[in-house]
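In what follows, a structure is listed as structure tokens, so that the remarks can point back to it.
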Amino acid sequence: MIPIGSDIAVAARYLNEGECVAIPTETVYGLAANALSEKAVAQIFELKQRPAFDPLIIHLASAERLEQYVRVIPAAFYKLYEAFSPGPISYVLPKKAIVPDLVTAGHPTVAVRFPAHPLCQELLQTLTFPLAAPSANIFGRVSPTEAGHVAQQFSHGLAYILDGGPAKVGLESTIIDLSQEKPLVLRLGGLSLEEIESALGEKVAYTKSSSSNPKAPGMLSAHYSPGIPLTHGKLDLNLAKVNRKRCGSISFCKRISGIPDHNQRILSPKGDLKEAASKLFAAMRSFDKETIDVILAEEFPNEGLGRAINDRLRRASVS
Ligand code: AMP
Ligand code: MG
């Protein structure tokens, strides 16, 4: 059993010793280690069974020490940082040599985030190095939004799980590449495209695939697997093909007729996409494999955080 607690000093001690620790953030729980130590970072890849071509995000308390790690900081960074950091946005910037290639999967750029979660903030402020931290799940599975989810996936290898309660945002960060002339959103997440565009005062392009490595787009699109087949969209059509008694459903605000109530996850009865996003991953992992053959997930409104919710559901449905 991995010890779980809320003691920042314990978490800091293990991280200083080069161990991996699960940390709470407002997006999802992270599997953290010293980002400047290849040895510590290698343990993250091993524990997660994450392919080495998939880069990690590094986490800092604030932009105060950012210049130690990145070569260029464009004006767009400061605009977005002022508006949204600390918070669910990661910035891809040209890296300095101090950031190990293992962290960035050989890319000349590094993704940096400033998490808002108070425990995580306090922890980062006590450390003298950034934390590399991907989501604290086995590669390809649903991201953890509670300390207990981390404990369910890992029985060893982690020194400590720092428990900071349920993640408020519940979706991974939105990643924006600021290393090219034009900003480009690489992954939609806890901050909407609309909010980014309004802060920058311009339209921003985004790539639909989450893959940062064109050599392996297929592998990275199959992600977030709940362990039960999931279909996304075309609810009416899909309902006609299944035994509703053995179906689970994920819907935005409405009940789905014919599916037993205890198998329905209505993410926000009042129709709030932020609330729905915060409940998505817990809903995906809440179904009982013994009584459910398939999860039917509806298409969410394609605006605000609905776009990121649809992205995760689409990728959960790729088998
Ligand atoms: P995770 O830590 O599991 O939320 O995933 C991190 C994701 O961030 C990766 O899968 C990439 O899509 C993206 N990423 C991290 N670093 C970079 C980078 N330097 N360039 C492009 N994408 C990146
Ligand atoms: Mg992940």
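Owing to the predicted nature of the structure, the values given are computational and were not obtained by experimental measurement. One-based numbering, in listed order, for ligands and for the atoms of each.
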Margin query: Ignoring hydrogens and geometry beyond distance, is a side-chain donor-acceptor pair present between Ser251 and Arg265 at under 3.5 Å?
Written below: no
Item checked: Distance-only side-chain donor-acceptor flag, Tyr91 / Ser85, under 3.5 Å -> yes
Margin query: Tell me whether Gln125 at atom CD has more than 12 heavy atoms from other residues, nucleotides or ligands lying less than 6.0 Å away.
Written below: yes
Check: Do Ile266 and Lys254 have side chains that get closer than 4.5 Å, going by heavy atoms?
Finding: no
Check: Do Ile58 and Arg113 come within less than 4.5 Å of each other through their side chains, counting heavy atoms only?
Finding: no
Notebook entry, point to check: Just going by heavy-atom distances, which of Thr27, Asp54, Thr109 is nearest to atom 19 (N) of ligand 1?
Noted result: Thr109
Note to self: Minimum distance, heavy atoms only, to atom 15 (C) of ligand 1: which one of Ala133, Ala136, Pro55, Gly189 is it?
What the structure shows: Pro55
Checklist line | Output field: ring centroids Phe139/Phe45 closer than 6.0 Å | finding: no
Item checked: Polar contact flag for Arg187 and ligand 1 (N/O pairs, less than 3.5 Å) -> yes
Item checked: Ser143 near the Mg ion (ligand 2): N/O/S under 2.8 Å -> no
Check: Under 4.0 angstrom from ligand 1, any heavy atom of Ile175?
Finding: yes
Notebook entry, point to check: By number and element, which atoms of ligand 1 are closer than 4.0 Å to a non-hydrogen atom of Leu186?
Noted result: 21 (C), 22 (N)
Check: Short list, please: which atoms of ligand 1 are under 4.0 Å from a heavy atom of Pro134?
Finding: 2 (O), 3 (O)
Check: Taking the six-membered ring for Trp, are Phe300 and Phe252 parallel (under 30°), tilted (30 to 60°) or perpendicular (over 60°)?
Finding: tilted
Next item on the list: Answer with side chain, backbone, both or neither: which part of Asp177 has a heavy atom less than 4.0 angstrom from an atom of ligand 1?
Entry: neither
Note to self: Just to be sure I read this right, does ligand 1 sit under 4.0 Å from the backbone of Arg50, its side chain, both, or neither, counting only heavy atoms?
What the structure shows: side chain
